[in-house]
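Structure record follows, encoded as structure tokens.
The figures here come from the full heavy-atom set of this structure, side chains too, leaving out hydrogens, waters and symmetry mates.
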Amino acid sequence: MTHGFIKACYNLFYCTCCLFSQADYYFQYTECDSTGSRWRVAIPLNPGECSGLPEPVQGTDCTFSCKAGEFLEMSAQECTQCASGTYSLGSGLRLDEWDDIPPGFSSLATSPDNAPNGQNASTCSRSVPFEESWVAQGSYLESNRDECTVSLIYTVHLKKPGSVSFDYQYVDNSIFFEFFIQNDQCQEMDQDSNKKWIKLTTHGEWGTHSVNLNSGTNILYWRTTRVTLGSKAVKPVLLKNIRIEGVAYTSECFPCKPGMFSRTPGSSSCEPCPRDTYSGRGASSCTPCNTKTHYASEGSAMCKSRPPCSKKDYIQTYSTCDKDGKTQVIYKWVEPQICLAAAAGAVTLPPSGQREPCPPCNPGFYNNGTATCSPCPPGTYSDGVKACQPCPAGTEPVLGYEYKWWNVLPANMKTSCFNVANNNCDGLNGWEVAGDHVQSGAGRSDNDYLILTLTVPGFKLPVSVRGASDSEYGRITFEFDTSCSADCEFYFMTDVNRRSTNVIESWEGSKSKQSYTHIMTEDSSVALTWAFQRTSQASDVSTNTFTLTLIKIIVCFSDCLFTYTHQNRTLQYDFSALTSAGSIMNGPSFTAKGTKYYHLFNISLCGAEGHKSAVCRDNVTNLPNEDAEGGQLGSSVEAFLCQSTIIPSDGRGLRTALSSQSISLADTFQGATVEKSLNGISTRPELFPSASERIPDVHFFYRSTQFTTSCPRGRNAVVSLRCNPEKTMRGDLSVPSECPAGTCDGCTFHFLWESSSACPRCTAVDYHAIEGACKAGVQDTVFVWTEPRLCTGGLTLPPKRTSPCEAVDFWLKVGAGLGAFCAILLVSLTCYFWKKNKKLEYKYSKLVMSANKECELPAADSCAIMEGEGDENEEEVVVYANKSSLLAKLKAVATKVS
């Protein structure tokens with residue numbers, strides 16, 4: 001029945017009968033019916049002719065679509081790959097060419113809500129031509145610059161749920177930029193506020209915003225409203241690369257735009273042509289330029305002739321100081337070089353200057369006899385010429401950055417070039433050092449931003465003036481001048497805590513040398529940016545110089561490194577393993593009505609170069625509301641230490657756990673020390689078990705400036721780090737057992753973090769050597785840690801050491817042999833004389849016995865014993881073995897004789 005109805009209408013519409021070839025008609029689908037079906041019909045190119053057309057056939061399902069890189073071939077109703085040089089999103093639509101406003105877009109302007117007495121209502125409340133609202137700039141759209149509220153509108157019909165995404169650049173907070181969707185009844189679709197209000201982007205960078213779409217009619221609105229009236233120049237919102245998914249089938253592929261190509265069939269996107277190549281529309285490859293005479297930037301649709309080199313094609317800079325402390329002026333071509341040095345009328349590079357002494361170091365730095373300037377040690381100062389000297393008694397150094405000499409770009413500075421159309425400037429340098437100043441480089445187009453960025457981790461006034469001002473933390477002072485042959489703009493911007501980049505001040509046109517000062521009113525890390533841009537009316541910039549001097553900028557953040565001298569030993573700590581946020585949940589606790597809850601603490605010990613990276617989220621309130629400190633009152637709090645109240649899913653019959661009442665306990669880092677107090681904040685070591693006597697605890701002190709009725713001076717927090725080699729590197733966090741909520745008075749919170757990473761770095765005193773025995777002339781020496789080992793990282797154990805040795809010396813061996821020989825000889829002599837003594841004793845005994853028999857002794861002719869005497873009775877020696885000694889007998893004989 002449905003087929004007959006469609007065929008009847010089809011024959012009724014066309015009246016003339018003729019014979020058609022396939023080139024005389026095209027296929028199209030009918031509208032989908034209530035069942036989701038549709039028919040494929042043939043439409044003649046000349047309306048009114050009907051005979052010979054193919055009969056209608058059942059079409060594909062209304063939700064049918066091909067994959068990216070394919071299109072629906074209507075005659076066969078099958079997906080086919082796109083040819084080279086073309087692309088397809090399948091069921092999507094991409095808008096990336098902005099030479100003019102594409103069909104389907106409209107614009108509506110209204111007066112701002114704050115216009116007094118309906119001012120501007122007559123000029124804004126109307127549909128306006130695009131030249132007065134959004135302006136096509138080739139590769140992007142640019143919003144209006146006046147006080148009108150202008151909406152860019154696009155209507156799309158989706159066959160199935162899809163999405164829309166776009167790239168944007170939104171750097172000026174004096175403009176409100178919102179994106180919202182209406183249905184065909186002009187009713188705004190429900191969406192989160194963070195999807196409606198677009199976030200600011202960093203200057204020179206593109207952001208991406210995506211929103212889901214429902215099937216049916218979707219009316220897309222991009223609306224900008226300027227909130228600052230007056231003559232101050234504003235930076236418009238830029239929009240490009242609009243992508244919509246969920247549209248009807250794609251019956252053909254889109255050719256790549258000029259400067260782009262797709263080399264393979266079935267491409268879903270096109271690539272930009274490399275530098276020095278170009279392409280036309282629908283190209284499958286890029287054609288090289290004749291680089292001797294022409295050049296092309298990335299994504300070019302044509303080659304350009306190389307002009308003769310002029311003075312603006314080279315820059316003057318200085319060479320780095322050599323080992324002799326000498327430097328010289330040098331000239332070099334701007335890279336990449338596009339000019340021809342050999343062309344008629346071209347200038348040549350000037351010769352390098354004479355070698356001359358390098359300029360002195362910047363204040364606060366000193367030259368230690370090398371070509372490098374080093375910062376002065378803590379507690380000392382220098383003007384850059386003299387050596388660093390200790391501050392006199394009763395004074396302190398004013399820490400900061402002060403740049404007077406620009407021989408090299410400082411380490412905490414970086415320079416770049418950004419093009420709003422291509423995201424780069426083909427590798428051009430944004431700024432160049434020039435001795436006593438730094439100057440902007442040479443941009444290639446009016447869309448080039450030449451950017452110089454200085455990163456400052458934090459601010460703090462000296463102790464001597466602290467408290468004199470409640471709102472000033474530091475000052476940034478710089479001198480500059482611009483010289484432009486046409487219109488130009490110069491911007492000074494800040495990005496505090498990486499939230500967003502704000503334009504502080506801007507200048508247009510040529511300016512004589514002048515000074516500008518900006519006061520910092522919060523202790524936060526900040527990125528200072530200077531940007532130079534030629535406006536769309538500019539044709540040339542001859543000279544752009546810029547001199548920067550910064551004073552009273554004091555770095556104050558923890559780098560997670562700590563040094564302490566204890567018992568004549570210097571302990572060095574590296575807490576970098578604890579930099580990421582740690583968490584501890586205590587409890588449970590119960591309310592008066594019995595609801596169970598926990599307290600969750602997130603701790604970022606050192607932050608990230610001053611940035612507070614501990615985040616406590618609140619999933620009860622969905623509306624984000626950023627506070628002045630960079631956290632979010634409604635959805636999250638960012639701090640060094642924060643607390644959330646957690647209600648578990650089983651606490652009140654909830655499906656998911658609730659996190660609420662997120663508060664900051666530590667906004668500023670006060671310092672780290674082993675002492676028990678710092679800046680009026682005290683730790684209580686008695687709340688935790690005793691620490692080791694060898695390694696003291698290191699205390700990190702924090703303060704929060706959020707005052708409450710119970711804490712009129714704000715909240716404080718102390719995190720004590722304790723060396724425990726039995727713990728892991730991340731360790732364990734704990735709260736006092738006496739105060740399970742982490743605080744005993746409600747204002748000062750105490751935490752103990754035990755970790756092996758809290759031990760000092762290992763040094764040579766933490767290990768000892770053990771020498772092995774000498775074997776085969778070789779001795780091994782091994783090194784072992786002194787137990788208990790209370791260190792981590794640092795030095796490692798030296799490898800085993802092997803050294804030659806001798807067990808016993810040769811002459812020692814000779815001496816031992818001679819000693820043994822003498823001992824044997826002495827024993828032999830002793831035995832010999834002992835035997836002789838026995839013989840004498842025997843002879844003498846016989847003499848005494850014979851004398852006793854004869855009553856008197858005969859006179860002896862000789863005291864000697866004749867040879868051979870007494871030999872016959874030598875065996876009788878044993879008879880007298882138990883008699884009196886020889887001395888006793890001699891005494892007896894003497895008595896008798898007398």
Side-chain angles (χ1 to χ4, degrees), residues 316-330 353-415 431-439 452 454-466 468 472-481 513 515-518 520 528 530 545-557 559 561 563 565 570 572 671:
Q316 171 188 320
T317 185
Y318 281 78
S319 63
T320 57
C321 291
D322 56 22
K323 61 181 180 180
D324 298 326
K326 300 286 186 179
T327 184
Q328 64 182 151
V329 176
I330 58 175
Q354 298 293 327
R355 295 176 71 247
E356 55 188 27
C358 293
C361 297
N362 282 310
F365 291 76
Y366 73 100
N367 191 320
N368 55 359
T370 65
T372 305
C373 293
S374 303
C376 287
T380 64
Y381 73 100
S382 172
D383 59 359
V385 179
K386 301 177 183 179
C388 298
Q389 303 175 8
C391 292
T395 64
E396 61 175 331
V398 180
L399 306 178
Y401 303 133
E402 185 174 356
Y403 300 117
K404 292 183 177 180
W405 308 104
W406 299 90
N407 216 43
V408 294
L409 203 65
N412 58 341
M413 273 190 176
K414 65 178 182 178
T415 177
W431 297 75
E432 298 283 352
V433 294
D436 61 349
H437 66 275
V438 58
Q439 64 185 16
L452 180 69
L454 169 65
T455 302
V456 181
F459 295 84
K460 181 184 287 186
L461 289 175
V463 176
S464 56
V465 298
R466 198 174 302 163
E472 180 177 339
Y473 279 89
R475 294 183 176 222
I476 300 100
T477 301
F478 60 90
E479 297 177 353
F480 73 96
D481 66 272
K513 190 172 184 178
S515 176
Y516 180 81
T517 298
H518 175 66
M520 293 299 302
L528 309 174
W530 295 264
T545 58
F546 173 80
T547 303
L548 174 66
T549 303
L550 297 176
I551 59 175
K552 291 184 181 180
I553 299 182
I554 298 179
V555 178
C556 183
F557 68 92
D559 55 2
L561 300 178
T563 302
T565 302
T570 300
Q572 294 181 339

#### Entry: Beyond-backbone contact of Q572 with T563, side-chain heavy atoms, under 4.5 angstrom
yes
### Query
To the nearest 0.5 Å, how far apart are OG in S382 and OH in Y366?
10.0 Å
### Query
After noting the C-alpha distance and the side-chain angles of F480 and Y516, does the key distance pass the ring pair (Phe, Tyr, Trp, His ring centres under 6.0 Å) rule?
CA-CA 8 Å; F480 73 96; Y516 180 81; 7.8 Å; no
### Task
Provide the closest heavy-atom pair for Y318 versus E356 in the form atom of the first, atom of the second, distance.
CE2-OE2, 3.8 Å
### Task
Check the pair W406 / M413 against side chain to side chain contact (heavy atoms under 4.5 Å, CB included), numbers first and verdict last.
CA-CA 12 Å; W406 299 90; M413 273 190 176; 3.7 Å; yes
### Sub-4.5 Å side-chain heavy-atom contact between F478 and L528
no
### Query
Counting only N and O atoms by type, is there a donor-acceptor contact under 3.5 Å from the side chain of T415 to the main-chain atoms of L452?
no
### Task
Could you tell me whether a side-chain N or O of D324 sits under 3.5 Å from a main-chain N or O of K326, the two making a donor and an acceptor?
no
### Query
Hey, mind stepping through T380 and Q389 against side chain to side chain contact (heavy atoms under 4.5 Å, CB included) and telling me if it holds?
CA-CA 5 Å; T380 64; Q389 303 175 8; 5.9 Å; no
### Query
How close do T327 and P359 get, heavy atom to heavy atom, and via which atoms?
CG2-CD, 4.3 Å
### Query
With T517, which residues qualify under side-chain hydrogen bond (donor to acceptor under 3.5 Å, both in side chains), at least two apart?
T477
### Message
According to side-chain contact (heavy atoms from CB on, under 4.5 Å), who are the partners of P375, at least two apart in sequence or on a separate chain?
### Response
F365
## Note on the structure
Across all chains, not counting sequence neighbours, the side-chain contact (heavy atoms from CB on, under 4.5 Å) partners of Q328 are S319, I330, S352, R355
### Query
Is the backbone of P363 close enough, under 3.5 Å, to the side chain of D383 for a donor and an acceptor to pair up by distance?
no
### Query
What distance separates C388 SG from K386 NZ, expressed to the nearest 0.5 Å?
12.5 Å
### Task
Compare all side-chain heavy atoms of Y403 with those of P410 and state whether any distance is below 4.5 angstrom.
yes
